[in-house]
Participant: 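Can you read through this structure? Questions will come right after.
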Amino acid sequence: MDILDKILAGLNPAQKEAVEAPDGPLLILAGPGSGKTRVITHRIAYLVRIRGVNPQRIMAVTFTNKAAREMTERLERLMSYAVKELTIGTFHAICSRILRRDGSAIGIDNRFVIYDGDDQTRLLKRCLQELNLDPKQYAPAALASAISSAKAHLLDPRQYLERGRSYFDEIAARVYELYQQRLRESNALDFDDLLMMAVLLFRRNPDVLERYQSRYLHLLVDEFQDTNLVQYELIRQIGGKHRNICVVGDPDQSIYSWRFADLRNILSFEKDYPDARVILLEQSYRSTRTILETASRIIMANQQRKPKNLWTENEVGEPVSTVETYNEQEEAQFVAREVERLVSRGEASLGDFAVMYRTNAQSRVIEETFLRHGISHRLVAGTRFYERREVKDIIAYLRLIQNPNDGVSLMRIINIPQRGIGDQSQARFSAWAKSLDLSLYEVLKQLAGKEMKAPFTPHVAGVLCAFAGMMEGLAARSNELNLVDLFDLVVERTNYRAYLMNMPDGEERWDNVMELRKVAEQHRDLYPPDGLTAFLEGVTLVSDVDSLEEGVPAVTLITLHQAKGLEFPVVFIVGMEEGLLPHFRSFDDPAQMEEERRLCYVGVTRAKKRLYLVRAFRRNLMGRSIVTEPSRFLADIPRDKLATGSSWQEERGGVDASQYAWEKPSLSAAVARPDLKAGDRVRHAQFGEGVVVGIKATSNDTEATVAFDGHGVKKLLMSFARLEKVV
């Protein structure tokens, strides 16, 4: 097989057309499971091995490290000798490299550290304190979102203030200005800065931009529907000379407007590049025909989209199971028992399952139920490894070694392990630095050098001097030690292990430190201090999905937003109710309602073999139990795609939720029920026998409270529960 045959092997006609497309703007509209990553990687291989493009002149941009790794691994199989010469990475990683190389042109020190969300929150709280603003009135999370929005639209604090329309905008602009000042003092950039500063670098330095434009002959961008204004501008800048911009995406999977992704970028690509070639990838290799047709019918109602005719040669597959349970506890019980049923029959393994939901709060009941059933599971977006306290502590020490001006890291570890520098001393230290108009590190250094008298007790002043001396010593050794030896030295000098072992879960926390050391080992061979820089950048830019372990036999619990890019043989989408999916915040906004529909579409298209759409008749929301309505998206599913019944529903006396997608029957007429009163003994199909402890009339039903033997107290609607009176 010659090189061309190898590159084109296994591609369908549309994929081949995309891979072999000539130079110029190229828009590839790729449906879910249509092999877009395969197309990107094979196009890169085609450019290098058939067209003779120097791999150093190709840049491929992804949205997650996981996608970048997958792309790299595939390319190694196609063209191993040249992969290391390609530029492949996320927007943030590539911009970080650009700024470390050329950021000095706009005053950025190449030793900058990258602040994650936790660091950002800490710094915002400090800014609020300096401005005498109440964090309860001006929540750091709201301010972080406002600042992120400003940066996503390339607005500095002054421009943001000019466009502000409210008093909150005025406050946010003041905080934004101080926040940026403190970032500069700490030689730090947040995630949004990485993108914004790269764009500003190119705007203000045409010679730098010309160098990058000349170098990169081809620019390929994955998940283009998720780009925001600043990312779009970056692509336009780098690809502006040769215009060989290949973008791949799907408007129907644009679900990140809350991250300021702009759907118009992909919908208007042909207007911005009138000579663009458009190729549709419509054949799906992931889902069964039933699941794919269900997804197509759900998304069809949206107006902001580019129509595609998705199809597959896969089997018809199982009907979609729509399931109604009484409440969220029964919802979780259904999922757990269905997992157990399929595993016991050998139809699936634990790693085949994913439970998806609209909001993080929905996972709690599912987690608790899985624990009771002994079902192994992994929670994506729980406390991530790199957010664990002990991991953050060690990273903070290493960041401070690399960049002594990092004020957030300094304040994090100044009393960890405890050195007798309490909250009041820390506040006094911070205020003192502000009064002197110096960075925290400068004050610490001058204090250690006896250059000034400190407003502290001799003990606190001595401890601060000792801390400064320790950090100076570690920084000096960082220039001669490899990363692993430096890591070990930090742990030794700080006596960090003994500090952890005084905690009840110290062994587990120490295991996490050792796991972090394994990550450091990946950079052992880099020349000091390059290993430290690479390590810190890698651990900061990792995301939830990037850290999702593969190959571990466990059910995945994940939000619908985080599920994009993943696939599972069996998917449960729980909470298919008005107010959850679609979320109540979208009810008055047609654009947001369309995004909710896209979110449902993304969830459905994660399923390969089986799909369950589950809802609860009653749910606790905002502190009260309410009767819910079925999600409007259920009404879009053709009836011939739905299962006719459910063994779970028959067992518990429920009804097939597929009825509810079309015509909801009167609850009062659903089932004849016995005349019960408190004290009566009853039998339930699932919970067995119990005693009625209360009867309460509702607007259209009767609610019975029953204490079941071995199952506790349950509240049941009489029209659904089918309680049998035991004589």
Side-chain angles (χ1 to χ4, degrees), residues 3-4 6-7 18-26 28 37-65 67-105 108 110 194-195 197-199 201-202 205-224 231 233-248 522-523 525-527 530-531 533-534 537-538 541:
I3 296 174
L4 180 61
K6 180 181 178 181
I7 291 173
V19 167
E20 297 181 294
D23 286 355
L26 176 63
I28 302 173
T37 304
R38 182 182 179 87
V39 166
I40 295 174
T41 53
H42 282 246
R43 178 163 176 79
I44 292 172
Y46 178 82
L47 290 172
V48 174
R49 305 201 65 182
I50 304 302
R51 296 267 303 277
V53 177
N54 186 330
Q56 294 183 355
R57 304 195 69 189
I58 297 176
M59 176 186 290
V61 189
T62 68
F63 268 80
T64 67
N65 293 313
R69 284 196 303 270
E70 181 182 349
M71 190 178 295
T72 301
E73 289 167 1
R74 293 190 183 196
L75 281 167
E76 285 175 345
R77 293 192 290 269
L78 289 170
M79 41 172 280
S80 57
Y81 70 93
V83 173
K84 291 183 179 180
E85 299 178 45
L86 298 165
T87 299
I88 301 176
T90 64
F91 274 100
H92 293 93
I94 288 174
C95 286
S96 178
R97 292 178 218 164
I98 291 171
L99 293 174
R100 291 200 191 278
R101 183 180 299 125
D102 295 295
S104 59
I108 296 176
N110 64 7
L194 294 174
L195 307 179
M197 294 303 174
V199 169
L201 168 67
F202 290 148
N205 297 273
D207 57 324
V208 176
L209 175 59
E210 165 63 24
R211 184 154 31 93
Y212 282 89
Q213 286 183 335
S214 296
R215 173 179 174 178
Y216 290 109
L217 180 61
H218 285 272
L219 178 59
L220 300 95
V221 186
D222 194 10
E223 303 288 6
F224 188 66
Q231 289 163 330
E233 174 67 7
L234 190 70
I235 293 164
R236 189 193 64 78
Q237 287 176 325
I238 296 176
K241 182 176 182 178
H242 299 291
R243 299 181 75 254
N244 295 323
I245 302 173
C246 170
V247 300
V248 185
Q522 299 171 16
H523 306 279
D525 297 331
L526 290 179
Y527 186 81
D530 293 348
T533 301
E537 187 162 305
L541 295 179

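Note that the structure is predicted; figures quoted are calculated from it, not measured. Excluded from the calculations below are hydrogen atoms, water molecules and symmetry mates; all remaining heavy atoms, backbone and side chain alike, are included.
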Participant: Taking the side chain from Glu223 and the backbone from Thr62, do they hold a donor-acceptor pair closer than 3.5 Å?
Facilitator: no

Participant: Please enumerate all residues that pass side-chain contact (heavy atoms from CB on, under 4.5 Å) together with Asp525, with sequence neighbours excluded.
Facilitator: none

Participant: Does the side-chain contact (heavy atoms from CB on, under 4.5 Å) test come out yes or no for Val83 and Thr72, once each step is laid out?
Facilitator: CA-CA 7 Å; Val83 173; Thr72 301; 3.7 Å; yes

Participant: Can you name the ring pair (Phe, Tyr, Trp, His ring centres under 6.0 Å) partners of Phe91, sequence neighbours left out?
Facilitator: Phe63

Participant: Taking side chain as C-beta onward, heavy atoms only, is Asn65 less than 4.5 Å from Thr90?
Facilitator: yes

Participant: Decide yes or no on side-chain contact (heavy atoms from CB on, under 4.5 Å) for Met71 and Leu220, but give the supporting numbers first.
Facilitator: CA-CA 12 Å; Met71 190 178 295; Leu220 300 95; over 6 Å; no

Participant: Starting at NE2 of His218, measure out to CG of Leu47 and round the result to the nearest 0.5 Å.
Facilitator: 4.5 Å

Participant: Which heavy atom of Val199 sits nearest to which heavy atom of Gln237, and what is that distance?
Facilitator: O-NE2, 3.3 Å

Participant: Test of understanding: with ring pair (Phe, Tyr, Trp, His ring centres under 6.0 Å), list the residues that count as partners of His92, not counting sequence neighbours.
Facilitator: Phe191

Participant: Tell me, which pairs form a side chain to side chain donor-acceptor pair (under 3.5 Å) where one or both residues lie in residues 41-53, sequence neighbours left out?
Facilitator: Asp23-Arg51

Participant: What closest approach, in Å, do Ala198 and Leu234 show between heavy atoms, and which atom pair accounts for it?
Facilitator: CB-CD1, 4.0 Å

Participant: Where is the tightest heavy-atom contact between Gly531 and His523, given as atom of each residue plus distance?
Facilitator: O-CB, 3.9 Å

Participant: State whether a side-chain donor-acceptor pair under 3.5 Å links Glu210 with Ser214.
Facilitator: yes

Participant: As a test of understanding, state which of Met59, Met79, Gln56 forms a side-chain contact (heavy atoms from CB on, under 4.5 Å) with Leu86.
Facilitator: Met79

Participant: If you measure from CG on Leu99 to CG on Leu195, what distance do you get to the nearest 0.5 Å?
Facilitator: 9.0 Å

Participant: Between Asn244 and Gly24, which heavy-atom pair has the shortest distance, and what is it?
Facilitator: OD1-N, 2.9 Å

Participant: Look at the side chain of Arg243 and the backbone N and O of Pro25, then say whether any donor-acceptor pair between them is shorter than 3.5 Å.
Facilitator: no

Participant: What's the verdict on side-chain contact (heavy atoms from CB on, under 4.5 Å) for Arg215 and Thr87, showing C-alpha distance, side-chain angles and the deciding distance?
Facilitator: CA-CA 11 Å; Arg215 173 179 174 178; Thr87 299; 3.6 Å; yes

Participant: Calculate, to the nearest 0.5 Å, the distance between atoms CZ and SG belonging to Arg100 and Cys95 respectively.
Facilitator: 12.5 Å

Participant: Atom CD1 in Ile88, atom CD1 in Ile44: separation rounded to 0.5 Å?
Facilitator: 5.5 Å

Participant: Which residue pairs pass the salt bridge (Lys or Arg N to Asp or Glu O under 4.0 Å) test with at least one member in residues 84-99, sequence neighbours excluded?
Facilitator: none

Participant: Tell me the closest heavy-atom pair linking Ala45 and Ile7, and the distance in Å.
Facilitator: O-CD1, 3.7 Å

Participant: With sequence neighbours left out, write down each residue that passes ring pair (Phe, Tyr, Trp, His ring centres under 6.0 Å) with Tyr212, or none if nothing qualifies.
Facilitator: Phe202

Participant: Which atom pair, heavy atoms only, marks the closest approach of Val48 to Ala82?
Facilitator: CG1-CB, 4.5 Å

Participant: Mind checking the CD1-CG spacing from Ile238 to Leu209? Nearest 0.5 Å is all I need.
Facilitator: 8.0 Å

Participant: Between Arg74 and Glu70 (salt bridge meaning N to carboxylate O under 4.0 Å), is one present in this structure?
Facilitator: yes

Participant: Which residue is it: Val247, Asp222, Val39, Ile40? I am looking for the one with a side-chain contact (heavy atoms from CB on, under 4.5 Å) to Ile28.
Facilitator: Val39

Participant: Let me confirm one number: the CD1-NZ distance from Ile50 to Lys6, rounded to the nearest 0.5 Å.
Facilitator: 11.0 Å

